[in-house]
Amino acid sequence: MTDRHDLLILRHADVLVTMDDRRREIADGALVAEGGIVRWVGPTPELPADWRDAAAQGAARVLDLTGHVAMPGLVNTHHHMFQSLTRALPGAQDADLFGWLRTLYPVWARLTPEMVRVSTVTAMAELLLSGCTTSSDHLYLYPNGSRLDDAIEAAGQVGMRFHAARGSMSVGESAGGLPPDALVEDEAAILLDTQRLIERWHDPSRHAMRRVVVAPCSPFSVSRELMRESAALARAFGVSMHTHLAENDDDVAYSRERFGMTPAEYAEDLGWVGRDVWHAHCVKLDPEGIARFARTGTGVAHCPCSNMRLASGIAPVRAMRDAGVPVGLGVDGSASNDGAHLLGEARQALLLQRVGFGPAAMTAREALEIATLGGARVLGRDDIGALAPDMSADVAVFDLRGVAHAGAGTDPVASLVFCTPAQTAYTVVDGRVVVDAGRLATVDLPVHLERHRAAAAHLAAGAGG
């Protein structure tokens, strides 16, 4: 694995997709990264002499990308990484959102700190192998001594750029909420721990590898007071805010019955709109809600696979983007998606919009833009999502010489979305080659997956790990 401060040169990519202001797609493309930052992008024949000499003298790591497409690393704006332990669990396979949650809450109540760490590594490995370089994770329950620190420390081991969202639940069944009382926390303790995490882990600097997000779970699991106080805390420390909103019809009905408002009205009433806020799903966001989000710059994490898996519906992404709402992609939890392949999520986003709104509802390049620049905007970052000088050196490289892309050479960029989603040949994060020739370089994956399978079996069996 290349050191963060080594010189890295990528050259001879069939196409280098920049997602820069001109949306350039450079044939025979090259990129130079140093110190975790992109220094130069352009056609390989125009590679400046100093860097050509460094490559010739062995002073740089050089990757020949003939037959490959290179693009900005993908950005995942919504996940629940602990759920990789409970994929395809019987009893939750054929439920809608509320039934699915009620089935799984008792299982998740047996999570341990080790399970949080193991599941985070697994989820990040899967994401990195799909070309994802930055991910948010929404951890909203903390049984048996689990802490968000467990996930943050695991992310450091794997080498992924990480937005760790301190989720919370404070309204249990006895108070009219959805989660069991045993899984909710005291609100004062939630706010104290959230502040501790921000002070301990949050890095506000450009090119930061780690940020902390304030993230009460949902309208049906936290109080109005916690939502308001969480917003005040986040803005006092200058960090982002995240929650679930308008995920399905039941979610909307809960907001109307309990608060007398639509989800978007409820969010604005509590201060949960603005460029520092993004909401997951928004499948049932109505036209007035879309206009409200567009006016305030409030972001949306679109999770098409999860929305289909739970039969929640088709989010109006075309209408959102046309109105100016920032939209990124999220794989959501691995128990509601059962996968975490972000390029596959981009493909599904395109297909689902076309099912709902016609063949012109989304293009392949728009899907890739949502997966890169869109995610960066939702997370409040101006240093990722594009390949240009002074951007973070986060790159996904796909080999298109295999059978899945045979016959797609006339438009290799579009083929990334239309054809079977590929695993990466190389994934570069912060200038480090984290996936190297298709292999995760930071984790012994076969050994780790043995730990993960054992933890999942213990969790499903009720042994508690």
Taking every non-hydrogen atom, the tightest pair across Ala346 and Ala371: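 Shortest heavy-atom separation between Ala346 and Ala371 comes out as CB-CB, 4.4 Å.
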Smallest separation among heavy atoms of Thr420 and Ala404, with atom names: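 Closest pair (atom of Thr420, atom of Ala404, distance): CB-CB, 4.1 Å.
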Evaluation steps, side chain to side chain contact (heavy atoms under 4.5 Å, CB included), between Gln195 and Arg200: CA-CA 8 Å; Gln195 180 172 337; Arg200 169 70 178 86; over 6 Å; no
Would you say that [X] contacts [Y] through its side chain, given a criterion of any heavy-atom pair below 4.5 Å between the two side chains?
{"X": "Glu257", "Y": "Val252", "value": "no"}
{"X": "Met320", "Y": "Val300", "value": "yes"}
{"X": "Thr18", "Y": "Arg23", "value": "no"}
{"X": "Asp251", "Y": "Asn248", "value": "yes"}
{"X": "Leu329", "Y": "Val378", "value": "no"}
{"X": "Glu369", "Y": "Met19", "value": "yes"}
{"X": "Tyr426", "Y": "Val395", "value": "no"}
{"X": "His207", "Y": "Ser205", "value": "no"}

So, are [X] and [Y] salt-bridged, with charged N and O less than 4.0 Å apart?
{"X": "Arg147", "Y": "Asp193", "value": "no"}
{"X": "Glu450", "Y": "Arg453", "value": "yes"}
{"X": "Arg451", "Y": "Asp444", "value": "no"}
{"X": "Arg228", "Y": "Glu187", "value": "no"}
{"X": "Glu229", "Y": "Arg224", "value": "no"}
{"X": "Arg211", "Y": "Asp203", "value": "no"}
{"X": "Asp430", "Y": "Arg432", "value": "no"}

Candidate pair Leu74 and Thr372, rule side chain to side chain contact (heavy atoms under 4.5 Å, CB included), full reasoning: CA-CA 5 Å; Leu74 308 180; Thr372 52; 3.7 Å; yes
Chi angles and distances behind the side-chain hydrogen bond (donor to acceptor under 3.5 Å, both in side chains) call for Glu153, Gln157: CA-CA 7 Å; Glu153 290 164 0; Gln157 172 192 356; over 6 Å; no
Check whether [X] reaches the backbone of [Y] with its side chain - one donor and one acceptor, N or O, closer than 3.5 Å.
{"X": "His458", "Y": "Met115", "answer": "no"}
{"X": "Asn76", "Y": "Cys132", "answer": "no"}
{"X": "Ser392", "Y": "Asp383", "answer": "yes"}
{"X": "Arg117", "Y": "Asp150", "answer": "no"}
{"X": "Asp186", "Y": "Ala189", "answer": "yes"}
{"X": "Arg275", "Y": "Gly297", "answer": "no"}
{"X": "Ser336", "Y": "Ser306", "answer": "no"}
{"X": "Arg161", "Y": "Thr133", "answer": "no"}
{"X": "Glu345", "Y": "Cys305", "answer": "yes"}
{"X": "His341", "Y": "Gly344", "answer": "yes"}

Non-neighbouring partners of Arg210 that pass salt bridge (charged side-chain N to carboxylate O under 4.0 Å, His left out), sequence neighbours left out: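 Testing Arg210 for salt bridge (charged side-chain N to carboxylate O under 4.0 Å, His left out), a comparison that skips the adjacent residues, returns none.
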Are [X] and [Y] close enough that their ring centres sit under 6.0 Å apart?
{"X": "Phe82", "Y": "Tyr142", "result": "no"}
{"X": "His244", "Y": "Phe220", "result": "no"}
{"X": "Phe398", "Y": "His405", "result": "no"}
{"X": "His138", "Y": "His79", "result": "no"}

Parallel, tilted or perpendicular: ring planes of Tyr105 versus Trp108, cut at 30 and 60 degrees: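 Geometry flag for Trp108 against Tyr105: perpendicular rings.
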Ring geometry between His78 and His242 (parallel below 30°, tilted from 30 to 60°, perpendicular above 60°):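 It falls in the perpendicular class, over 60°.
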Derivation and outcome, salt bridge (charged side-chain N to carboxylate O under 4.0 Å, His left out), residues Asp286 and Arg292: CA-CA 10 Å; Asp286 60 16; Arg292 192 182 303 262; over 6 Å; no
Distance under 6.0 Å and angle within 45° of ring axis: Arg256 vs Tyr266: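 Pair Arg256/Tyr266 does not count as cation-pi.
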Point-to-point distance, once rounded to the nearest 0.5 Å, from CG of Leu197 to CG of Leu148: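 Reported to 0.5 Å precision, the distance equals 5.0 Å.
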CZ on Phe293 to CD on Glu288, rounded to 0.5 Å: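 That separation rounds to 10.0 Å.
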Candidate pair Arg309 and Leu97, rule side chain to side chain contact (heavy atoms under 4.5 Å, CB included), full reasoning: CA-CA 9 Å; Arg309 161 78 152 79; Leu97 174 64; over 6 Å; no
Identified side chain to side chain contact (heavy atoms under 4.5 Å, CB included) counterpart of Met169 within the set Ser218, Pro180, Cys217: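 Option passing the side chain to side chain contact (heavy atoms under 4.5 Å, CB included) with Met169: Cys217.
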Qualifying residue, where the test is side chain to side chain contact (heavy atoms under 4.5 Å, CB included) with Val158 and the options are Thr120, Leu127, Thr122, Leu128: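 Going through Thr120, Leu127, Thr122, Leu128 one by one, the side chain to side chain contact (heavy atoms under 4.5 Å, CB included) with Val158 is satisfied by Leu128 alone.
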Stepwise side-chain hydrogen bond (donor to acceptor under 3.5 Å, both in side chains) check, Asn307 with His281: CA-CA 8 Å; Asn307 296 342; His281 301 293; 3.0 Å; yes
Any pair counted as ring-ring contact (aromatic ring centres under 6.0 Å, His included), so long as it reaches residues 146-171, sequence neighbours left out: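 Sorted result for residues 146-171: empty, none.
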Check against side chain to side chain contact (heavy atoms under 4.5 Å, CB included), His68 and Leu400: CA-CA 6 Å; His68 297 68; Leu400 302 189; over 6 Å; no
